[in-house]
Amino acid sequence: MLHLSDDIHNGSAAWQKAGVTLPTYDIEAMRQATKHSPTWVHFGAGNLFRAVHAPIAQNLLESGATDRGILVAESFDPAIVDQAYTPFDDRYLQVILRADGSMKTSLAASVAGAYPLGEDPKPLHDLRLVFRNPSLQMVTTTITEKGYALVDSQGQPLPWIAPEFEGGSDKAKSAIAVITALLLERFKAGALPLALVSTDNFSRNGERFGQAVRQMADEWIGRGLAEKGFGDYLRDKNKITFPLTMIDRITPNPDKEVGRRLKALGIADAEPFRTRGGTAMAPYANTEETWYWVVEDDFPAGRPPLEKAGVYMADKDTVNAADQMKVTTCLNPLHTALAVFGMLLGYPTMSKTIADPDLKALVTRLGYVEGLPVVEDPGIFSPKEFLRQVIEIRVPNPGLPDTPARICADTSQKIPVRYGITISKYIRAKDLDTADLEAIPLIIAAWLRLLIGSDGNGTDDAGRPVKLSPDPRLEELQRILVDIPLNGSAKKETLTTTIKSILADTSIFGTDLNATPLADKIETFLTAMCRGNGAVASTLHKAASAW
Ligand SMILES: NC(=O)c1ccc[n+]([C@@H]2O[C@H](COP(=O)([O-])OP(=O)(O)OC[C@H]3O[C@@H](n4cnc5c(N)ncnc54)[C@H](O)[C@@H]3O)[C@@H](O)[C@H]2O)c1
Ligand SMILES: O=P(O)(O)OC[C@@H](O)[C@@H](O)[C@H](O)[C@H](O)CO
C-alpha cells in the first residue's frame, strides 16, 4: 500500500499506476529555501487551504516561478496539524471530483512546515522568528467568518477575547490575537512590511480583517502593553495592507466514498476523520474543478507571482465587485437557500437539492430576478454566466459530495452577507422595490421553520427531529421559536409577535425587517410552513409555481 510519506522521488511508478500526479520539484530543497527565507504564511489549516492555496503554491513550484512553499499555522484547532499534517509529512492528496464521476488526484507537497499553536509554546516561538524575517511577503487566512469577531452585538468583548484584550500578546490564543502578536514581533524587528490577506467568504473581508487587528492592537496600546508606534505601523499603507479578495471553490468536507476509492487504488492514507477539535479532515481534500481567486494587488513587501498560477490580480473596485457578486448574489445565497430547504426536505446532498424543480425555480428566481439587478459587473467575468454555471453545472455536479449540513453551519452569521446586503440595496435603490422580493423572505421563513425545536434539533418537513449544524446564535433563536406549533394551529398574529425580536435583529439581517414589507411576507410564509407535515414543500411549490 502507498503512504503519503513514501520516498516519492525514488518510488514513483506505483503512484503513477494509481493515477496520482506527483510533484517534480525537489521537496527537500523547497523546505530548506522556505525555512531560510519564507514568503507565505497561512492561518487556518482546513480544507479550503488544501483546495486552493496549497495547490497554487504547488503550481508555482512546478513551473519554477518560485522555489518557496507555504508555512501553515493553526490556532483554533491545533489537532488539525497533529492529526492531518504531521503523520503524513505535511503532504496530502488533492482530489478533483468531476461531474462524470471521475477523479483527478495529485499529491501536494507545497506545505513547507506546519505550526500547531496550542499548549506547546515552541511552534509559536518558531513562528515569531518567521515574522521577524524580512523575506516574509504575505499572510493568508481561512479562519471562517466567526474568526474575525472580537465583540458581541453590544460591543462587549467576547468571553475568550476579553483576557486577550487585558493581557496583551502574551495571552494571545485566538487567530486575530496571535496574528496581532506576530505583527508586533515584525514591528519590533524594524517595522517590516507585510500584506495580510483574508480569504474568507464575506464582503470587504480585508477591511474587516484590518479593523479586527487594529482593534486588538489598540486595546494593547491603551493598556500600555504595546507602544503607540505599533498602531501607526498598522495604519501605514506602505507597511501593512489588508487586500480585499474573492475566493471560490466548492470544497466539501472529506468524503468517505472518496477515501474508499483512493484505498481501492492502493493508497493506505485515505481515512477521513474528525480531529480532536472537531474539524472534518482526511489525508486528502476533495473539491470541484472550477476555482476563482481574485486579489487586490496591494503587497508592500512584494508577493509570489500568483497570476502565473491563474489568480486574478486586480484593483480594489474590481475585487469588491467580484466578491459582492459571488457572496451576496450569485453563489452563496443560492447555497444557503438550497441547504436550508435541503435540511427541511431531507436531501442528503447539494446536487439532490437542485434536482428538485421547485428548489431550482427558487434559486433561479433568487439569482436572476432578485440578485442580478443589484450586481455590479466586475468586468473580469460575466455575473450572468457565473450564475448560469452555478445553477446548471457546479451545484448539480453529482460527483461532488457536498451536504446541506456543511453549508448550514453558522447560518445566522452568513445571512447579513448572503441576503442582508441585497435587502439594503433594494431599500436604498430608487428604481427597485423591496416589496418585489419573494425568494428572500421565503428562504428566511424556511430558516426559522427549520430551527423550531430544541436542544440543537430542528424539525424537518416530515415532523422528525433533524440535527442542526452548529451556529453561535442557535440556542437563543431556538428559545424564541420553540413554542410555535407545527400542527397548523399557529396563528399569524401570534407568530408575528413571537418572531418580532428576531426580525428586528440588525446583526442578523443588517436591517430591522419589521420596518420593511418583508416582515409580513416572512410571517405569511412561516405560518403556511407550520401547517403540518409536508407544509414546507407545498408552500415552496405554491410560490415556485407562481414564478
Ligand atoms: N469550503 C468552501 O467551499 C469554501 C470556499 C470559499 C471560501 N471558504 C472560506 O473558508 C473558510 C474555511 O472553510 P474550510 O473549507 O477550510 O473549512 P474547514 O472546516 O475545513 O476548516 C475550517 C478552518 O477554520 C478554522 N476555524 C474555525 N473556526 C475558527 C475560529 N473561530 N477562529 C479561527 N479559526 C477558526 C479551523 O480551525 C480550520 O482551520 C469558510 O468559512 C469560508 O469563509 C470556504
Ligand atoms: O464556507 P462557508 O461556511 O462560509 O459557506 C458554505 C458554502 O456556501 C461555501 O463554502 C461555498 O462552498 C464556497 O463559498 C464556494 O466557493
Side-chain angles (χ1 to χ4, degrees), residues 42-54 72-81 83-85 92 114-118 140-150 158 160-161 164 172-179 198-203 205 208-209 212 245-254 272 274-282 285-288 290-294 322-323 325-328 330-340 342 350 386 389-390 394-395 397 400 402-415 417-418 469-472:
H42 181 84
F43 270 78
N47 291 289
L48 188 71
F49 166 69
R50 287 175 152 192
V52 177
H53 309 70
V72 63
E74 178 57 55
S75 59
F76 183 75
D77 179 9
I80 295 179
V81 173
Q83 295 178 260
Y85 283 73
Y92 67 96
Y115 298 78
L117 306 177
T140 48
T141 54
T142 46
I143 55 173
T144 81
E145 289 89 329
K146 297 186 303 297
Y148 302 83
L150 302 182
L158 293 164
W160 55 94
I161 298 291
E164 299 182 321
K173 284 199 161 42
S174 70
I176 293 297
V178 169
I179 290 168
S198 165
T199 54
D200 277 295
N201 257 339
F202 52 88
S203 306
N205 49 12
R208 188 148 144 220
F209 190 12
T245 66
M246 179 275 239
I247 193 158
D248 183 18
R249 191 164 210 175
I250 300 176
T251 303
N253 290 338
R274 287 251 166 215
T275 64
R276 286 189 299 278
T279 311
M281 295 298 293
N286 40 230
T287 191
E288 64 174 337
T290 306
W291 68 276
Y292 302 94
W293 191 19
V294 189
D323 190 53
M325 179 206 73
K326 185 222 165 198
V327 300
T328 75
C330 293
L331 193 154
N332 297 97
L334 282 64
H335 244 183
T336 291
L338 293 167
V340 165
M350 290 300 288
F386 183 93
Q389 290 186 14
V390 168
R394 297 178 60 192
V395 181
N397 178 353
L400 201 64
D402 207 4
T403 61
R406 176 184 81 87
I407 288 158
C408 275
D410 302 332
T411 299
S412 69
Q413 311 294 293
K414 296 173 182 169
I415 285 183
V417 173
R418 297 186 181 197
S469 305
D471 186 317

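One-based numbering, in listed order, for ligands and for the atoms of each. These numbers come from a predicted model, not from an experiment.
- Close N/O approach between R406 and ligand 1 is found [any backbone or side-chain N/O within under 3.5 Å].
- Separation of atoms CZ (R418) and OG1 (T328) is listed at 11.0 Å; rounding is to 0.5 Å.
- For atom 19 (O) of ligand 1, the nearest non-hydrogen atom of the protein is T279 CG2, 3.9 Å.
- Between the side chains of T275 and D77, a donor-acceptor pair is found at a separation under 3.5 Å.
- Per-residue contacts place G44 under 4.0 angstrom from the following atoms of ligand 1 (heavy atoms of the residue considered): 39 (O).
- With a 4.0 Å heavy-atom cut-off, ligand 1 is reached by the backbone of T251 and by its side chain too.
- The shortest N or O to N or O distance between R249 and ligand 1 is under 3.5 Å.
- When side chains are defined from C-beta on, M325 counts as touching F386, because their heavy atoms get closer than 4.5 Å.
- When T141, T140, T199, T142 are each tested for a side chain to side chain donor-acceptor pair (under 3.5 Å) with H53, only one passes: T199.
- Residues forming a side chain to side chain contact (heavy atoms under 4.5 Å, CB included) with N397 (at least two apart in sequence, or on another chain): A99, L400.
- Residue-to-ligand polar distances place A45 within reach of ligand 1: an N/O pair is separated by less than 3.5 Å.
- Between F43 and F49 there is no side-chain heavy-atom pair separated by less than 4.5 Å.
- Applying the side chain to side chain contact (heavy atoms under 4.5 Å, CB included) criterion to A337, with sequence neighbours excluded, gives L362, V363, L366, Y419, I443.
- Under the side-chain hydrogen bond (donor to acceptor under 3.5 Å, both in side chains) criterion, T144 pairs with no residue, sequence neighbours left out.
- In summary, the atoms of ligand 1 found under 4.0 Å from a heavy atom of I80, numbered by their order in the structure, are 37 (O), 38 (C), 39 (O).
- Between M281 and ligand 1 there is no heavy-atom distance shorter than 4.0 Å.
- Nearest non-hydrogen protein atom to atom 22 (C) of ligand 1 is T144 CG2, 4.2 Å.
- Short contacts between ligand 1 and G147, defined as distances under 4.0 Å to a heavy atom of the residue, involve ligand atoms 30 (C), 31 (N), 32 (N).
- With T245, N47, D402, N201 as candidates, the residue nearest to atom 18 (P) of ligand 1 on a non-hydrogen basis is N47.
- With hydrogens left out, the protein atom closest to atom 35 (C) of ligand 1 is I143 O, 3.2 Å, a heavy atom.
- Contact check on E164 versus K173 returns no salt bridge, with no Lys/Arg side-chain nitrogen under 4.0 Å from an Asp/Glu carboxylate oxygen.
- For atom 11 (C) of ligand 1, the choice among D200, N253, T275, L48 with the nearest heavy atom turns out to be D200.
- Proximity of R50 to ligand 1, defined as any heavy-atom pair under 4.0 Å, is not found for any part of the residue.
- Below 4.0 Å from some heavy atom of I247 lie the following atoms of ligand 1, by number and element: 6 (C), 7 (C).
- Ring planes of F202 and Y148: perpendicular class, angle over 60° (limits at 30 and 60°).
- The minimum heavy-atom distance between E145 and N201, with the atom names listed, is OE2-O, 3.5 Å.
- At a 4.0 Å heavy-atom cut-off, ligand 1 does not touch P252 at all.
- Atoms of ligand 1 lying under 4.0 Å from any heavy atom of E145, numbered from 1 in the order shown and given with element: 41 (O), 43 (O).
- By the 4.0 Å heavy-atom criterion, D248 is excluded from the residues contacting ligand 1.
- For atom 31 (N) of ligand 1, the closest heavy atom belonging to the protein is F76 CE1, 3.4 Å.
- Between D248 and W291 the shortest side-chain heavy-atom distance does not fall below 4.5 Å.
- Where the criterion is an N or O separation shorter than 3.5 Å, residue side chain and backbone included, E74 meets it with respect to ligand 1.
- Looking from atom 21 (O) of ligand 1 to the surrounding protein, the closest heavy atom is G46 CA, 3.6 Å.
- Between P116 and P78 the shortest heavy-atom distance is CB-O, 3.7 Å.
- Selection from V52, T142, D77 by nearest heavy atom to atom 25 (C) of ligand 1 gives T142.
- Here D402 pairs with R406 in a salt bridge; the nearest charged N to carboxylate O distance falls below 4.0 Å.
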Which protein N or O atoms sit under 3.5 Å from any N or O of ligand 2? Give each pair with its distance.
unit_1: ligand 2; atom_1: 3 (O); unit_2: K414; atom_2: NZ; d: 2.8
unit_1: ligand 2; atom_1: 4 (O); unit_2: E145; atom_2: OE2; d: 3.2
unit_1: ligand 2; atom_1: 4 (O); unit_2: N201; atom_2: ND2; d: 3.3
unit_1: ligand 2; atom_1: 4 (O); unit_2: R418; atom_2: NH2; d: 3.3
unit_1: ligand 2; atom_1: 5 (O); unit_2: K414; atom_2: NZ; d: 3.4
unit_1: ligand 2; atom_1: 5 (O); unit_2: R418; atom_2: NH2; d: 2.8
unit_1: ligand 2; atom_1: 8 (O); unit_2: N332; atom_2: ND2; d: 3.2
unit_1: ligand 2; atom_1: 8 (O); unit_2: H335; atom_2: ND1; d: 2.8
unit_1: ligand 2; atom_1: 8 (O); unit_2: R418; atom_2: NH1; d: 3.2
unit_1: ligand 2; atom_1: 8 (O); unit_2: R418; atom_2: NH2; d: 3.4
unit_1: ligand 2; atom_1: 10 (O); unit_2: R406; atom_2: NH1; d: 3.0
unit_1: ligand 2; atom_1: 12 (O); unit_2: R406; atom_2: NH2; d: 2.8
unit_1: ligand 2; atom_1: 14 (O); unit_2: N201; atom_2: OD1; d: 3.4
unit_1: ligand 2; atom_1: 14 (O); unit_2: N201; atom_2: ND2; d: 2.8
unit_1: ligand 2; atom_1: 14 (O); unit_2: K326; atom_2: NZ; d: 2.7
unit_1: ligand 2; atom_1: 14 (O); unit_2: N332; atom_2: ND2; d: 2.8
unit_1: ligand 2; atom_1: 16 (O); unit_2: D248; atom_2: OD1; d: 2.5
unit_1: ligand 2; atom_1: 16 (O); unit_2: R249; atom_2: N; d: 3.0
unit_1: ligand 2; atom_1: 16 (O); unit_2: K326; atom_2: NZ; d: 3.1

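- Note that OG of S174 is 13.0 Å distant from NZ of K146, once rounded to the nearest 0.5 Å.
- N286 has its side chain out of reach of T251: every pair of non-hydrogen atoms, C-beta onward, lies at least 4.5 Å apart.
- Atom-to-atom distance recorded for D410:CG and D471:CG is 5.5 Å, nearest 0.5 angstrom.
- Using a 4.0 Å cut-off to heavy atoms of I250, the atoms of ligand 1 that qualify are 3 (O).
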